Amino acid sequence: MARRQVTTLVACLLLSGLPGCAALRRVVGQSHGDLGQLARQSEEADLRADAMQKDCDALKARAISYEEENAFGGAVSVDWVSRGGGLTRRPGAKALHVQLNKIGKNLAAQSSRPGLPWTFGVLQSDGVNAVSGPGGYVFVSEGLLAQLDNEAQIAGVLAHEISHITGKHAMREYQRYLVEQCEDGVSTERTKPLKQFGEDKVQEIGRAVGGLGQMIPSAELRGLFNQLATQANFDFNTLSQKAIQAITHGVVARLSEKGFGEEDEYTADTEAVELMAAAGYAPEEYVAFLSKLPDKGLSTEHPRKDKRQSRLRAHLAALRERSSDTDFLTSVDLSQTKVVPLRDALQTKPAATPPTR
């Protein structure tokens, strides 16, 4: 591979039209000794990159422990709270959080992961938003609360975020992000000698999705990926503060820009209405509330609202048909659900602001 990089250098020196070649042509007068040093450095870089690639391959197949999920989720929740302007400071904020946690924990108790340390909070943001972090963290905005007509609607929003957590959707994005960053590091490692030889004027090869390579020194980054790839119970909290912030910010920025996949969103929707029914809430209220949500909020792009509503109505119709075809109750009993009015602290809603588009 070192020969290939030197060959690339020679080709670049000959082809004057290529970007970055002018800088390399200026160093063509350097001695053969310098070219020999470049070859040796390239060979060493290839060895480091090959070792790093093995770690990248191992990263793809590794199992993430609950401890890592919980630690990463805590860091993500801090990032979301910061982006949402902090937790609400409106009058009665304590009572509001108590009530929100009662609703949320009742729903979470019906989920596949009732034992998570579920935490529900309200952000100061005026946008109509809801976000979640791995490990059981769910946040809704003041702007969303202002749009509520009844308790079933907020139950639907919380149930949707709960379903993202139980499905580990954010953890899959976390894993993809780390693998991509690792592979970007491999590309950077291979081209580093050539870049340095060209006085930092050669265009760097690789996707540079990055972030991590720009914020963490290369030696520390190689060590990080080796830890992730080789430690059975990796402790996220043992990373440096800079590394924790860089990884967390990178994943949250990715979710803010791209969101979850469509199927993850549809899965969270269908599981949400089933959690609502199990907790006694009318799921139709969540379907109706989707009309009030912006297409893009604090966090992510979502599938079109009308498409989500159509799929949910079809899902609820199928559940009703399944229930009517048997004398036994199905796992989702829609006959016992009801529309619960806003109660206690939720009755005092902040002034509504127009949904952001």
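The figures here come from the full heavy-atom set of this structure, side chains too, leaving out hydrogens, waters and symmetry mates. Quick caveat, the model's predicted, so the values are computed rather than measured.
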Ignoring hydrogens, what is the shortest heavy-atom contact between Glu220 and Ser240? Give both atom names and the distance.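 Closest pair (atom of Glu220, atom of Ser240, distance): OE2-OG, 2.9 Å.
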Can you give me the closest heavy-atom contact between Glu285 and Ala152, atom names plus distance?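 The answer is CB-CB, 3.7 Å.
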Could you list all the salt bridge (Lys or Arg N to Asp or Glu O under 4.0 Å) pairs where at least one residue sits in residues 163-173, not counting sequence neighbours?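 Residue pairs passing salt bridge (Lys or Arg N to Asp or Glu O under 4.0 Å), neighbours aside: Arg172-Asp264, Glu173-Arg176, Glu173-Arg254.
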Quick test of your reading: applying salt bridge (Lys or Arg N to Asp or Glu O under 4.0 Å), list the pairs with at least one residue in residues 93-121, sequence neighbours left out, ordered by first then second residue.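 Sorted pair list: Glu69-Arg113.
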Has [X] got a side-chain atom pairing as donor or acceptor with [Y]'s backbone, closer than 3.5 angstrom?
X: Lys305; Y: Leu293; result: yes
X: Ser111; Y: Leu107; result: no
X: Ser310; Y: Lys307; result: no
X: Ser77; Y: Gly133; result: no

More than 12 heavy atoms of other groups within 6.0 Å of His249 NE2: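 Result for NE2/His249: open.
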Within the 4.5 Å heavy-atom criterion, are [X] and [Y] side-chain neighbours or not?
X: Glu142; Y: Leu96; result: no
X: Cys182; Y: Leu178; result: no
X: Thr267; Y: Ser163; result: no
X: Leu290; Y: Leu312; result: yes
X: Phe139; Y: Leu87; result: yes
X: Val76; Y: Asp79; result: no

With sequence neighbours left out, what residues match Ser132 under side-chain contact (heavy atoms from CB on, under 4.5 Å)?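 For Ser132, the residues satisfying side-chain contact (heavy atoms from CB on, under 4.5 Å) (neighbours in sequence not counted) are Val138, Glu161, His164, Ile165.
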Nearest-0.5 Å distance, CD1 of residue Ile154 to CZ of residue Phe289: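 These two atoms lie 7.0 Å from each other.
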Does a side chain donor of either His169 or Glu265 reach within less than 3.5 Å of an acceptor in the other side chain?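 There is no such pair (donor and acceptor under 3.5 Å, judged by atom type) between the side chains of His169 and Glu265.
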For Asp269, the option from Gln309, Arg311, Arg308 that meets side-chain hydrogen bond (donor to acceptor under 3.5 Å, both in side chains):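 The single option meeting the side-chain hydrogen bond (donor to acceptor under 3.5 Å, both in side chains) with Asp269 is Arg308.
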